[in-house]
Amino acid sequence: MNGKFAVSAIVLSAAVAGGLLWWTETRAYYEPVAADAVTIAATRFDGVVDPLPIADFEGIDADTSPLRFRACFTTSLSLAMMTETYQPYEEATPLNTPGWFDCYDAGSLTAQIENGEAIAFLGEANFIYGIDRIVAVNVAGQGFAWHQINHCGEAVYEGDPAPQGCPPAPERN
């Protein structure tokens, strides 16, 4: 009888801990982002950051990491016009989202970028030190945005000095 009780307690506590871990990673810290609380923009070739005309905005973010921002929207700008106006972002890597954020699928977006159906643009460099906001738009006018660590951030967050051409790293507390 004692063995059954011990096994049951272990299994139950493992299930509770697993459920708590799942909830913490996928639900706990994410908050919806209102369309009027964020500006979706792209950086022109001359370095000026332009707000983009967007509609149908859905976004999520979390205070726990600058990399948790994701957004979906539509834009009236043509992809041809955007490629002539805004800086492409060559190393775009769409980051995964919680499964419940239905409008954003990192795998599908990655495939669209790889096969030319979508193009990624620099939204804003060093939006937060070492973090770029990336904006991708597909041929249907669907847009996606996320934050991605850049080469400055990779070095500094690893404890190395900022590479050549990076802004000075912020002071650490």
Side-chain angles (χ1 to χ4, degrees), residues 22 25-27 29-62 64-158 160 162-167:
W22 170 84
E25 280 298 309
T26 63
R27 306 265 181 186
Y29 300 107
Y30 285 99
E31 295 288 333
V33 175
D36 60 355
V38 67
T39 300
I40 301 297
T43 301
R44 296 189 321 213
F45 285 107
D46 63 5
V48 174
V49 178
D50 279 341
L52 299 177
I54 64 166
D56 307 319
F57 179 87
E58 289 182 61
I60 58 172
D61 201 357
T64 57
S65 170
L67 297 176
R68 289 195 173 206
F69 174 80
R70 306 288 187 283
C72 305
F73 56 91
T74 58
T75 185
S76 58
L77 299 178
S78 73
L79 204 49
M81 182 284 237
M82 291 186 74
T83 58
E84 293 174 3
T85 309
Y86 300 112
Q87 294 179 27
Y89 198 88
E90 300 300 328
E91 309 264 335
T93 307
L95 303 176
N96 289 325
T97 61
W100 53 266
F101 191 61
D102 296 333
C103 71
Y104 184 106
D105 179 348
S108 173
L109 182 53
T110 299
Q112 289 180 47
I113 291 169
E114 288 174 352
N115 69 27
E117 293 176 23
I119 298 175
F121 301 94
L122 174 60
E124 187 174 346
N126 288 299
F127 183 77
I128 299 167
Y129 185 85
I131 307 292
D132 294 337
R133 179 170 283 174
I134 312 303
V135 174
V137 176
N138 67 19
V139 293
Q142 296 170 312
F144 308 90
W146 67 95
H147 292 171
Q148 183 171 316
I149 194 165
N150 61 32
H151 71 286
C152 301
E154 284 178 9
V156 171
Y157 297 138
E158 289 291 324
D160 298 330
Q164 189 99 7
C166 291

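Nothing fancy with the numbering, it's 1 onward along the sequence. The structure presented is a predicted model; accordingly, all values stated were derived computationally and were not measured.
To the nearest 0.5 Å, the span separating CG on Asp160 from SG on Cys152 amounts to 12.5 Å. Note that the OG atom of Ser78 and the CD atom of Glu84 stand 7.5 Å from one another [nearest 0.5 Å]. To the nearest 0.5 Å, the span separating CD on Gln142 from CG on Leu109 amounts to 10.0 Å. Note: Thr74 OG1 to Leu52 CG = 11.5 Å, rounded to the nearest 0.5 Å. Note that CD of Glu31 is 12.0 Å distant from CZ of Arg68, once rounded to the nearest 0.5 Å. The distance from atom CH2 of Trp100 to atom CD1 of Ile60, rounded to the nearest 0.5 Å, is 4.5 Å.
For Tyr30 against Pro98, the heavy-atom pair with the smallest separation is CE1-CG, 3.4 Å. Taking all atoms of both residues into account, the shortest heavy-atom contact from Trp146 to Ala92 is CZ2-CB, 3.9 Å. Considering all non-hydrogen atoms of both residues, Glu117 and Leu79 come closest at O-CD2, 4.2 Å. Nearest approach of Phe57 to Ala35, heavy atoms of both residues: CD2-CA, 3.5 Å. The two residues Ile40 and Ala71 come nearest to each other via the heavy atoms CD1-CB, 4.5 Å. Closest heavy-atom contact between Thr75 and Pro53: OG1-O, 2.8 Å.
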For residues 118-137, please give each side-chain donor-acceptor pair under 3.5 Å, one per line with the distance, not counting sequence neighbours.
unit_1	atom_1	unit_2	atom_2	d
Asn126	OD1	Gly130	N	2.9
Asn126	OD1	Asn150	ND2	3.2
Tyr129	OH	Pro167	O	3.0
Asp132	OD1	Asn126	N	2.8
Asp132	OD1	Asn150	ND2	2.8
Asp132	OD2	Tyr89	OH	2.8
Arg133	NE	His147	NE2	3.0
Arg133	NH1	Thr39	O	3.0
Arg133	NH2	His147	NE2	3.1

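A donor-acceptor pair is defined here as one N or O able to donate and one able to accept, closer than 3.5 Å; such a pair exists between the side chain of Gln87 and the backbone of Arg44. Side chain of Glu58 to backbone of Tyr104: no donor-acceptor contact under 3.5 angstrom is found.
At least one side-chain heavy atom of Phe144 sits under 4.5 Å from a side-chain heavy atom of Asn138.
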